[in-house]
Trainee: 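I have a structure here, written as structure tokens, and I will follow up with some questions on it.
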Amino acid sequence: MKKSITVINGDGVGAEVTQQSIKVLDAVAAHFNHRFNYTYCSMGVTAINETGNTLPDKTIESCLDTDAILLGTIANAQYNNGIATKKNSEHGLLRLRKVLGLFANIRPVITYPSLHHLSPLKNKIIEDVDLIIFRELTGGIYFGEKQTDNGQTWASDTCIYSKEEVERIAHLAFSSAQQRRKKLTLVDKANVLETSRLWRKVVKKVALQYQDVQLNFLLADTAARQLLVNPKQFDVILTENLLGDILNDEASAITGSLGLLPSASVSNSNALFAPVHGSYPLASGKDIANPVGSILSAAMMLEYFNLKEEAQLVRDAVQWTIDSLFVSKDIDPINFYFTSTIGELISEYIGGRISGRVNKENIELRKSTII
Ligand code: IPM
Ligand code: MN
């Protein structure tokens, strides 16, 4: 199979973690005889410094003309403390979502038994958590009309949704539930918001086409509490843009391992894959960031290409590094492995070059070909 991939490193540790995903994709290509062609584009601080524009037209063109996009991390405090102005990275990300029509953000959250101790929650609460959040990404209050008298005495943001916007993401979420434990929870504020009441009505109607999926409704405040009290109850969560933004971060915290979590943002014709974590400027250039969030995002990309066996092999390789405690500094601050070493180990596993006993001592010295 031949695929073109637009790669955007973005800010902070983005380049370091993305490089590991490229290694992994190359290992997959070599093992399964595929061809992945990469086009590198800029966005974020680098783009601002080079062109004065956080999202250059060239980047948009490449994204529109590619099979998938692999994004590193976007966010910088350098411009305006991370507040979305036209000059900063966040603004570029929002624009990219809108221009490409990436209407659904998909974030799976699973916990790893060997990493339970990292969670702020008790083991018995988080064991076997396996949920996925479908967050609407191009509508709602993020993109509704904004008004203000120059920020002097008043400001308003409009939350607006159409039936079509709800329907298209609802179909994706229901299809996903059908492949999973067949439970979908719509999270909203239907006790207060008109838009939530529209969501309920539309989702109930879509549900008629997915009779095998059990549909529940949960108010967002209750959902926020239930994610902490009993996250195991959730299978697929479907929600609108702003609520999804908040619940996504909460859900990622329960695992205690933000660095491991991947995401996909899809449109009808394209998709963007990126780790959930931020740009982590303090770690930038130190080879200590966790590459797994990006690598598992690359696995989601393979799944999107319908390369299921390939995606599973990447996930198996990641699982092997975690089980073997080849983990980065965020997971084990004392006995940690470097970003590049973890990327190499995962690639070696995919290439079938990990066998028998692994010489940990040499890997600790970063000699990654010493298996
Ligand atoms: C996210 C981020 C963005 C959002 C920011 C960077 C604009 O928090 O992807 O979750 O709010 O959507
Ligand atoms: Mn967010």
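All values reported here derive from a predicted model rather than from experimental measurement. Each ligand, and each atom within it, is numbered from 1 in the order the structure gives.
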Trainee: Only one of L71, I8, L102, L55 passes side chain to side chain contact (heavy atoms under 4.5 Å, CB included) with L93; say which it is.
Mentor: L71

Trainee: Here's one to test your reading of the geometry: is the NZ or CZ of R180 within 45 degrees of the ring axis of F234 and under 6.0 Å from its centre?
Mentor: no

Trainee: Would you tell me whether W320 and S324 have side-chain atoms, one donor and one acceptor, within less than 3.5 Å of each other?
Mentor: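 Present: a donor and an acceptor within the cut-off.
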
Trainee: For the Mn ion (ligand 2), report each protein N, O or S atom nearer than 2.8 Å, sorted by chain and then by residue number.
Mentor: D245 OD1

Trainee: In terms of atom number and element, which parts of ligand 1 are under 4.0 angstrom from non-hydrogen atoms of R107?
Mentor: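 Those of ligand 1 that fall under 4.0 Å from R107 are 1 (C), 9 (O), 10 (O).
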
Trainee: Could you state the interatomic distance from CZ (F326) to CG (L345), rounded to the nearest 0.5 Å?
Mentor: 5.5 Å

Trainee: Heavy-atom contact under 4.0 Å between D245 and ligand 1?
Mentor: yes

Trainee: What I want to check is whether the side chains of N248 and E250 have a donor and an acceptor closer together than 3.5 Å.
Mentor: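 No.
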
Trainee: So F32 and H34, would you call those rings parallel, tilted or perpendicular, with 30° and 60° as cut-offs?
Mentor: parallel

Trainee: Could an N or O of ligand 1 be found under 3.5 Å from any N or O of R135, whether backbone or side chain?
Mentor: yes

Trainee: Quick test of your reading of the structure: of R97, E90, H91, whose heavy atom lies closest to atom 12 (O) of ligand 1?
Mentor: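 Looking at heavy atoms only, the winner is R97.
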
Trainee: Would you kindly check if the NZ (Lys) or CZ (Arg) of K98 is within the cone defined by 45 degrees around the ring axis of F143 and under 6.0 Å from the six-membered ring centre?
Mentor: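 Yes; both conditions hold, so K98 lies above the ring face of F143.
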
Trainee: Determine yes or no for a side-chain-to-main-chain donor-acceptor pair under 3.5 angstrom, with S21 supplying the side chain and I295 the backbone.
Mentor: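 Such a contact is found between S21 side chain and I295 backbone.
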
